[in-house]
Amino acid sequence: MFAHNKRLQYTVRVSETNPGLANLLLEQFGGPQGELAAACRYFTQALAEDDPGRKDMLMDIATEELSHLEVIGTIVAMLNKGAKGRISEGVEEEAEMYRSITGAGNDSHVTQVLYGGGPALTNSGGQLWNAGYIDSIGDPSADLRSNIAAEARAKIIYERLINATDDPGVKEALGFLMTREIAHQQSFEKALYSMQPNFPPGKLPGDPRFTNAYFNMSQGEGDMRGPWNSDDNFRYITDRDEQQAVDGGTGLPELRLKPDELAVAKQLVARTSSDPTSDPMTGAELGMGPNEALLDPATASSAQARSRLAPGTGKTH
Ligand code: MN
Ligand code: MN
């Protein structure tokens, strides 16, 4: 069950109305790296988790993320409060009101007019929240790695928001939320490494011929060696022939079809075959003025130019 406590996880103080800042903060309310996405990510993972330690941790963190959602949503509502009063009560001249909700060069007019200044489940650009933000796959070694990356992204967004905020109370609360993402990242990492083995994800081992191969596919100036492709860690394959048909086969696609499937497939190929000896007149050529076609010697040899020089003989072969 869930229970609600009326005290926030962190005290929030907002010193002045700022709809533009409120809109930026929506990124962490209804955005892909936001608190709702985090809460849903860990909650759904917890429901399916059978390991008691991971289940408990996921429920703890999911519930804390909902508490962060509450903190962010509260800040958004407070930053909008003054503007919401003004637009709802219509106390300003229309032009003045228009300027005050659009003036910061952001989309705060959308939140003001459409959502009445409340925290909308959108990102800072107005994109609606959606469950596609959550990429859980139902395997702890893969999901924990994804959770670690999600916490890293959330931390970065908070850092950017902190740098865009001059309201000291908002800065402080964002600093707390950012710090908690660091703590979560550590818990997820500890949980990942407390499960042995944890790599590669899943159960099937990789094919040993390829698990430690490094294909130097992009070649030229800028080729670089490091631990990610060192001879100590990898078999570094730079020869183009060795990069192709690495299974030792022909490298050509092979397909078996039943005779009737094959007959129809061939019929389709025949019907749509191209004639390499043709040089068909195109609409673009028909539309060109005569001078333009003759200016370029390369163009002058085309079917189009021939048709200009000898009208009616566009199709000469
Ligand atoms: Mn959070
Ligand atoms: Mn977190």
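Note that ligands are numbered from 1 as they come in the structure, with each ligand's atoms numbered from 1 the same way.
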**Asked** Are any of the side-chain nitrogens in Asp231 or Arg225 under 4.0 Å away from the carboxylate oxygens of its partner?
**Response** yes
**Prompt:** Taking NZ, NE, NH1 and NH2 as the nitrogens, is one of them in Glu159 or Lys155 under 4.0 Å from a carboxylate oxygen of the other?
**Reply:** yes
**Message:** Need one value: angle at the Mn ion (ligand 2), Glu181 atom OE1 versus His184 atom ND1, rounded to 10 degrees.
**Reply:** 100°
**Residues Lys171 and Asp166 bridged, charged N to O under 4.0 Å** = no
**Complete:** To the Mn ion (ligand 1), the closest N, O or S atom belonging to Glu35 is OE1
**Message:** So, of the N/O/S atoms that His68 has, which is the nearest one to the Mn ion (ligand 1)?
**Reply:** ND1
**Request:** Kindly state whether the ring of Tyr193 and the ring of Phe199 have centres lying under 6.0 angstrom apart.
**Result:** no
**Message:** Regarding Glu65, does it place an N, O or S atom less than 2.8 Å from the Mn ion (ligand 1)?
**Reply:** yes
